[in-house]
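What follows is a short report on a single structure.
Naming convention: chains lettered A, B, ... in sequence-line order (proteins, then strands); numbering from 1 in each chain.
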Number of protein chains: 2
Amino acid sequence: MTTTEEPAASRPKAPTLRDVARLAGVSVATASKALNGRANVHPDTRRRVVEAAERIQFTPNSLAQAILAGQTGTVGLLTNDLEGRFSLPILMGAEDAFGAGQMSIFLCDARDDAIREQYHLRALLGRRVDGLIVVGSNTDPRPSLGRDLPVPVVYAYAPSQDERDCSVIPDNVNAGVLAVEHLVATGRRRIAHISGDVHYSAAQDRALGAATALAAAGLEPLGPVRYGSWTEAWGRAATHRVLDETPDVDALLCASDQIARGALDTLRDRGVHVPEQVAVMGFDNWETMTAGARPQLTSIDMNFEMLGRRAAQRLVEAIGGEAAHGVETMPVRIQVRGSTIPDT
Amino acid sequence: MTTTEEPAASRPKAPTLRDVARLAGVSVATASKALNGRANVHPDTRRRVVEAAERIQFTPNSLAQAILAGQTGTVGLLTNDLEGRFSLPILMGAEDAFGAGQMSIFLCDARDDAIREQYHLRALLGRRVDGLIVVGSNTDPRPSLGRDLPVPVVYAYAPSQDERDCSVIPDNVNAGVLAVEHLVATGRRRIAHISGDVHYSAAQDRALGAATALAAAGLEPLGPVRYGSWTEAWGRAATHRVLDETPDVDALLCASDQIARGALDTLRDRGVHVPEQVAVMGFDNWETMTAGARPQLTSIDMNFEMLGRRAAQRLVEAIGGEAAHGVETMPVRIQVRGSTIPDT
DNA sequence: AAACCTTCCGAAACCCTTTTCGGGACGCTA
DNA sequence: TAGCGTCCCGAAAAGGGTTTCGGAAGGTTT
């Protein structure tokens with residue numbers, strides 16, 4: 001029994017640069033230079049080293065590289081969005097923005113729990129992430145992580161309450177404007193607004209934008225903004241009320257796709273034709289909701305991928321030393337479908 | 001102006017153990033022992049060190065610890081599920097299973113692209129993850145990552161094609177059984193099955209389970225299994241066909257919640273009462289779909305959190321040297337709502 | 001007072017990679 | 001043949017935390 005005998009169950013350790021050097025018959029220094037394309041290595045030597053590295057499937061240990069460089073090439077994504085409706089597109093946008101993938105992403109779900117968030121924060125800082133992206137579960141401003149962190153932080157979707165932090169959020173006000181402009185452009189004049197939970201800034205902002213655009217078009221809102229919850233059930237109930245109180249409504253602006261789905265259901269039940277008699281719009285352009293609707297749902301797309309890319313971009317800048325700050329709003333866009341324009 | 005003044009632009013570097021030792025007036029070795037609760041440190045000395053560490057918010061550098069220990073305390077989650085319907089619950093289950101969070105998770109989305117997957121795999125191995133969880137976009141068996149990796153791999157949701165790998169998947173066959181048993185228990189006898197894409201093993205397995213349970217109950221299937229796509233539109237269209245061909249149907253077993261939503265819409269349009277005349281069931285128990293349905297949708301829950309926990313558990317075992325392998329199916333459960341049982 | 005033990009602290013090695021610097025080998029020129 | 005320049009390669013240090021081992025200081029015993 002020699003000391004090189006390994007128990008059968010043991011997994012082969014990942015090969016190190018030392019192993020490559022030994023196999024190629026050179027020093028570790030030369031092996032490093034050969035693999036990294038540095039000068040002063042004879043072509044034959046380089047070839048030997050590269051072949052040795054491939055043979056044993058050598059992968060440089062990023063940890064050791066990071067400890068030298070002071071940069072780990074990792075980013076922490078701290079989310080409170082359990083469903084991933086916001087954080088996943090943002091994750092993808094970030095993956096794209098960081099480029100040919102030098103950056104790996106730690107995803108932590110704090111589940112709207114401050115304790116858990118602090119806990120994950122400690123873990124991420126211990127792993128020496130180069131930066132943090134914090135994604136909220138809604139667009140309401142959230143407490144700052146603090147300003148004495150050793151790494152830059154970018155807040156996405158939910159801005160930080162601290163103006164000196166860097167936040168990137170969708171432009172909910174303009175979302176309301178775009179929606180009303182579209183409805184007006186299609187000839188609607190009597191537009192009711194069914195919103196979600198009144199305490200959400202997203203509801204307030206969208207309503208503000210809608211009111212502004214209505215005024216600009218010289219129109220009066222049809223009844224009050226009807227706040228409720230972000231559910232299909234509320235969309236159904238509110239639509240009944242709108243039809244009862246203002247039967248001459250010709251458009252329903254719903255503050256989420258789910259509410260809009262509920263509105264469509266009620267309209268169908270009551271024999272109201274969409275979009276001929278009443279147009280319906282949603283917000284978020286959530287494909288799951290819009291694709292199955294009858295007719296398919298026109299919606300405002302919040303551009304989450306772009307939001308993620310921009311957040312990642314700002315983070316890279318901050319890591320590079322450019323201290324951006326303040327709240328940056330990202331443009332939204334409208335996706336027109338059959339619920340506002342008759343299918344051709 | 002004191003020396004503690006920092007230039008505004010420069011970010012304070014993360015403090016090291018060396019900084020703590022200097023502040024406490026001891027060596028780095030003593031500081032390490034004091035913070036880690038080792039013996040042979042005088043209580044007064046320990047207290048001084050701990051206070052110094054807290055004062056400068058010292059966080060041990062996990063990279064340095066990892067390079068020593070040969071374990072990084074990180075796991076790679078390689079997913080192809082763009083929406084995160086499977087991978088996010090699995091992520092959460094894994095977070096829970098790894099316990100008080102010694103483990104951090106790299107999330108990479110390969111977007112069903114083998115090149116991108118290989119690329120992320122290299123990056124993860126370079127970062128010396130202790131293990132990998134691979135999540136598929138559907139339950140069809142997928143190619144193995146290979147058996148010569150330096151870390152253990154657990155396949156979740158989609159099993160590996162290689163039997164020697166370790167896979168954890170939901171029990172789709174039993175899901176079909178449970179669904180039919182529930183419908184039979186509520187007095188249904190003429191049960192039609194509307195499924196999704198015929199090429200998906202999930203569709204086949206659920207249909208197999210349903211057929212088995214029907215036979216066990218001494219019932220004949222009502223017409224053929226109607227394969228189509230996993231969409232509401234298909235659910236609507238297929239329901240029309242079922243009603244036209246077999247008007248005496250008393251239950252629609254739909255292979256996804258989306259299909260079931262479509263079925264409910266068509267039944268409502270044609271004045272068929274649910275659940276009195278026809279019961280409707282879905283699969284996946286996707287809250288987004290089930291909650292807004294009228295009536296709320298009975299569905300088979302695939303227990304993704306449990307799946308994730310089990311996968312993480314198997315991975316921990318494998319990291320510890322216990323070589324589990326083979327395909328492990330996880331139990332599913334039924335969530336009964338108003339679409340099969342009248343609301344009380 | 002000398003020898004011994006306990007208690008506590010610090011120097012140094014270790015992990016893996018990169019980079020700098022010094023030196024050996026070789027060819028060319030005077 | 002001596003000297004110089006060029007081309008390669010290897011030794012060594014750096015980076016941060018943990019651990020082992022040696023040793024210093026102080027107290028106790030004979």
Notebook entry, point to check: Taking CG from A:L35 and P from C:dT18, how many angstroms apart are they, rounded to a whole number?
Noted result: 8 Å
Notebook entry, point to check: What is the distance from CD of A:Q71 to C1' of D:dA14, rounded to the nearest Å?
Noted result: 17 Å
Notebook entry, point to check: Whole-Å distance between D:dG15 C1' and B:L68 CG?
Noted result: 13 Å
Item checked: Proximity to the side chain of B:I67 - top-ranked nucleotide from D:dG16, C:dT17, D:dG10 -> D:dG16
Item checked: Phosphate OP1/OP2 of D:dT18: any B:N36 side-chain N/O under 4.0 Å -> yes
Next item on the list: May I ask you to verify whether the side chain of B:K33 and the base of D:dG17 hold a donor-acceptor pair under 3.5 Å?
Entry: no
Margin query: At less than 4.0 Å, is any side-chain N or O atom of B:Q65 found next to OP1 or OP2 of D:dG17? Yes or no.
Written below: no
Next item on the list: Describe, in one word, how the ring planes of A:F106 and B:F106 are oriented to each other, choosing from parallel (under 30°), tilted (30 to 60°) and perpendicular (over 60°).
Entry: parallel
Item checked: Given DNA chain C, 5'-ward residue of the pair B:T30 and B:A64, judged by closest heavy atom -> B:T30
Check: For A:T74 and A:R127, does a side-chain donor sit closer than 3.5 Å to a side-chain acceptor?
Finding: no
Check: Roughly, in whole Å, what's the span from CG in A:L125 to C1' in D:dG16?
Finding: 16 Å
Next item on the list: Take atom CZ of A:R111 as the centre, draw a 6.0 Å sphere, and report whether it contains more than 12 heavy atoms from other residues, nucleotides or ligands.
Entry: yes
Notebook entry, point to check: According to a strict under-4.0 Å criterion, is B:N61 in side-chain N/O contact with OP1 or OP2 of D:dG15?
Noted result: no
Next item on the list: Return the value, rounded to whole Å, for the distance between atom CZ of A:R48 and atom C1' of D:dC8.
Entry: 12 Å
Next item on the list: May I ask you to say what B:T16 touches in the nucleic acid, namely base, sugar-phosphate or nothing, with a heavy-atom cut-off under 4.0 Å?
Entry: sugar-phosphate
Notebook entry, point to check: Any salt bridge between B:E117 and B:R122, counting N to O under 4.0 Å?
Noted result: no
Check: Expressed in angstrom and rounded to an integer, what is the separation of B:R46 atom CZ from C:dC8 atom P?
Finding: 10 Å
Checklist line | Separation of D:dT18 P from B:R38 CZ (nearest whole Å) | finding: 10 Å
Check: Do NZ/NE/NH1/NH2 and the carboxylate oxygens of A:R48 and A:E51 come within less than 4.0 Å?
Finding: no
Notebook entry, point to check: How close or far is atom C1' of D:dG17 from atom CG of B:D19, stated in whole angstroms?
Noted result: 13 Å
Checklist line | Contact under 4.0 Å: A:S27 side-chain N or O vs D:dC9 OP1/OP2 | finding: no
